[in-house]
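Values below: every heavy atom of this structure, side chains too, minus hydrogens, waters and symmetry copies. Naming convention: chains lettered A, B, ... in sequence-line order (proteins, then strands); numbering from 1 in each chain.
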Protein chains: 2
Amino acid sequence: MAGKKGAGVLELAVLGLLNGAPMHGYELRKRLNALLGMFRAFSYGSLYPCLKQLLARGLIVEDRPEERESAALPLQSRRSKIVYTLTAEGKEHLQELLTEAGPASWEDEGFGVRFAFFSHTRADVRLRILEGRRSRLEERLESVRAALARTRERVDSYTLELQNHGLESVEREVRWLNELIGRERAEQEQAKTTNQDMPRDTGR
Amino acid sequence: MAGKKGAGVLELAVLGLLNGAPMHGYELRKRLNALLGMFRAFSYGSLYPCLKQLLARGLIVEDRPEERESAALPLQSRRSKIVYTLTAEGKEHLQELLTEAGPASWEDEGFGVRFAFFSHTRADVRLRILEGRRSRLEERLESVRAALARTRERVDSYTLELQNHGLESVEREVRWLNELIGRERAEQEQAKTTNQDMPRDTGR
DNA sequence: TTCGTCATGTAATGGGTTACATGATTAC
DNA sequence: GTAATCATGTAACCCATTACATGACGAA
């Protein structure tokens with residue numbers, strides 16, 4: 001459990017959430033599953049080890065209420081909650097994770113998590129992530145369509161049904177991405193023209 | 001690598017494909033990725049160990065061309081291809097896998113694979129799988145909608161965008177399932193009335 | 001006082017990937 | 001003869017899960 005490096009969707013998600021506000025583990029999981037419930041659900045069995053390991057790497061710090069034992073808050077929450085806060089190193093690492101492509105097998109799951117934290121992501125990185133996702137989906141579409149054309153008429157109706165449903169779903173997501181990319185580009189254009197009074201080309 | 005029990009989507013997929021026709025590993029993977037390319041892609045690093053293990057469990061048998069060495073087919077395919085064939089036990093196990101629910105974490109990935117082999121699946125099992133999938137999706141919809149209602153107006157526009165896209169995708173799949181379930185029911189009704197001249201209840 | 005939920009954790013296991021290593025066959 | 005693809009395999013590791021275990025707290 002948690003050997004050495006341990007990047008992963010969960011790590012990204014935890015850092016991303018903690019970037020918003022300090023939290024304890026239990027709440028973290030709730031928010032996670034509310035945020036990403038459509039795509040996946042994490043369990044405590046993976047969350048707590050992950051937190052432990054992030055702690056060991058100095059990316060987050062913990063605040064255990066017992067440690068300030070003499071503080072004397074007799075009523076109101078003498079809890080064993082452990083609140084985690086993102087450190088500067090953690091923020092740095094989060095940006096790296098958001099930016100990096102990741103080892104290809106995630107890409108799929110990673111996209112949803114990255115997207116969820118777009119409001120904390122640089123505009124150019126956002127655009128790159130969206131375009132990366134789109135081109136991956138388009139590759140997949142092309143290869144599946146090719147496979148479908150090769151074996152046409154030799155597949156049963158259920159297989160065909162599945163292929164078509166899949167194809168349509170992916171096409172739908174591509175259209176969605178196109179819209180988002182369009183919006184992002186428009187915003188960037190707008191920002192560019194408002195940031196400089198003279199809207200002339202700067203290089204490219 | 002391939003410890004003891006080793007059920008999994010891959011095993012199901014391999015048995016399912018082999019149920020159609022005997023094949024060697026390489027082709028198996030190609031077909032797999034053509035069939036399920038929309039959802040996932042398996043690698044040789046998992047396929048071959050899986051085959052080995054299925055072999056050890058007696059669910060498939062291999063045909064190594066070297067073993068019939070004196071057969072003397074000088075021209076035409078003196079290959080090192082190893083063709084695997086499903087055994088009777090394998091077919092039995094396949095039916096079990098198609099029928100069983102599986103340990104909840106698959107359900108998601110398992111559905112696509114199960115669906116891909118619907119033409120080899122009993123009609124009542126098909127219906128159960130479709131309805132199971134639908135009710136799981138509906139549960140998810142409900143919980144996500146609840147979470148969305150709880151935190152409404154406190155989430156940024158990107159998160160909202162993601163939630164909505166996810167919601168719509170799942171809703172779309174539910175509609176698809178509804179249509180399929182309708183068709184299945186209609187076929188069952190038709191089969192029932194054609195199989196027996198007198199359409200009276202037989203027990204259940 | 002018991003029950004549900006909040007809250008934190010550990011051990012064993014699981015199913016799959018990446019990266020590597022090798023060789024045969026086909027096409028040019 | 002050499003490059004691409006077909007074909008088979010192994011070792012190391014990865015990320016997360018299930019199942020279990022524990023305990024505090026609030027409400028009935």
Side-chain angles (χ1 to χ4, degrees), chain A residues 1-14 23-33 36 39-55 62-66 75-84 97 101-110 113, chain B residues 1-14 23-33 36 39-55 62-66 75-84 97 101-110 113:
Chain A
M1 51 332 240
K4 262 146 218 221
K5 303 176 51 179
V9 204
L10 180 54
E11 178 179 312
L12 176 56
V14 167
M23 251 174 281
H24 60 273
Y26 193 86
E27 194 182 354
L28 216 33
R29 199 202 86 139
K30 273 199 311 183
R31 297 258 198 124
L32 231 52
N33 292 347
L36 305 167
F39 314 104
R40 64 180 315 136
F42 296 101
S43 60
Y44 296 117
S46 31
L47 177 60
Y48 287 111
C50 177
L51 285 170
K52 206 174 186 180
Q53 176 224 346
L54 288 175
L55 195 60
E62 62 176 2
D63 177 28
R64 292 178 175 267
E66 304 90 289
L75 41 88
Q76 235 291 320
S77 86
R78 194 74 151 71
R79 296 269 174 69
S80 56
K81 281 184 191 173
I82 303 172
V83 177
Y84 294 95
L97 286 180
S105 45
W106 294 27
E107 288 298 355
D108 235 43
E109 296 296 326
V113 182
Chain B
M1 50 328 261
K4 262 145 218 224
K5 304 176 51 180
V9 204
L10 180 53
E11 179 178 312
L12 176 56
V14 167
M23 249 174 282
H24 60 274
Y26 192 86
E27 193 181 356
L28 216 32
R29 200 202 85 140
K30 273 199 311 184
R31 296 258 198 126
L32 232 52
N33 291 347
L36 305 167
F39 315 104
R40 63 180 317 137
F42 296 101
S43 61
Y44 296 116
S46 32
L47 176 60
Y48 287 112
C50 177
L51 284 170
K52 207 174 185 178
Q53 176 224 346
L54 288 174
L55 195 61
E62 62 177 1
D63 176 29
R64 292 180 175 266
E66 305 90 291
L75 41 88
Q76 238 289 321
S77 86
R78 195 72 154 70
R79 299 265 172 70
S80 57
K81 282 184 190 172
I82 303 171
V83 176
Y84 294 95
L97 285 181
S105 43
W106 291 30
E107 288 297 357
D108 234 45
E109 296 296 327
V113 182

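With rounding to the nearest 0.5 angstrom, the CG atom of A/Leu28 is 10.5 Å from the CZ atom of A/Phe42. Once rounded to the nearest 0.5 Å, the distance linking CG of A/Leu51 with CZ of A/Arg29 reads 13.0 Å. To the nearest 0.5 Å, the span separating CZ on A/Arg64 from NZ on A/Lys81 amounts to 15.0 Å. Separating the CG atom in A/Leu10 from the OG atom in A/Ser46 is a distance of 5.5 Å, to the nearest 0.5 Å.
Between the CG atom of B/Leu47 and the C1' atom of C/dT17 there is a distance of 13 Å, given to the nearest Å. With rounding to whole Å, B/Arg40 atom CZ is found 14 Å from D/dC15 atom C1'. One atom, CD of B/Glu109, and another, P of C/dG16, lie 9 Å apart when rounded to the nearest Å. In this structure, A/Asn33 atom CG and C/dC6 atom P are separated by 13 Å, rounded to whole Å. For the pair A/Gln53 CD and D/dA16 P, the interatomic distance rounds to 10 Å; values are reported in whole Å. B/Leu28 places its CG atom 12 Å from the P atom of D/dG9, with the value rounded to the nearest Å. When rounded to the nearest whole Å, the span between CG of B/Leu51 and C1' of C/dG16 equals 15 Å. The interatomic distance linking B/Arg29 (CZ) with C/dT18 (C1') rounds to 13 Å, in whole Å.
Contact check, B/Ser46 against C/dG15: no side-chain N or O comes under 4.0 Å of OP1 or OP2. Neither OP1 nor OP2 of C/dT25 sits under 4.0 Å from any side-chain N or O of B/Lys81. Contact check, A/Ser43 against D/dA16: no side-chain N or O comes under 4.0 Å of OP1 or OP2. A close approach under 4.0 Å does occur between a side-chain nitrogen or oxygen of B/Tyr26 and OP1 or OP2 of D/dC6. Between A/Lys52 and the phosphate of C/dT10, there is a side-chain N or O to OP1/OP2 separation shorter than 4.0 Å.
If you check C/dG9, D/dG9, D/dA7 against the side chain of B/His24, the one that comes closest is D/dA7. Nearest to the side-chain atoms of A/Arg64 among the listed nucleotides C/dG16, C/dG9, D/dA16 stands C/dG9.
Side-chain atoms of B/Asp63 do not come within 3.5 Å of backbone N or O of B/Tyr84 as any donor-acceptor pair.
In terms of position along DNA chain D, the nucleotide closest to B/Tyr48 lies nearer the 5' end than the nucleotide closest to the other residue of the pair B/Tyr48 and A/Ala41.
Base engagement by A/Gly45 is indicated by at least one non-hydrogen atom pair under 4.0 Å involving a base atom. Using a 4.0 Å heavy-atom distance criterion, A/Tyr44 is classed as a base contact.
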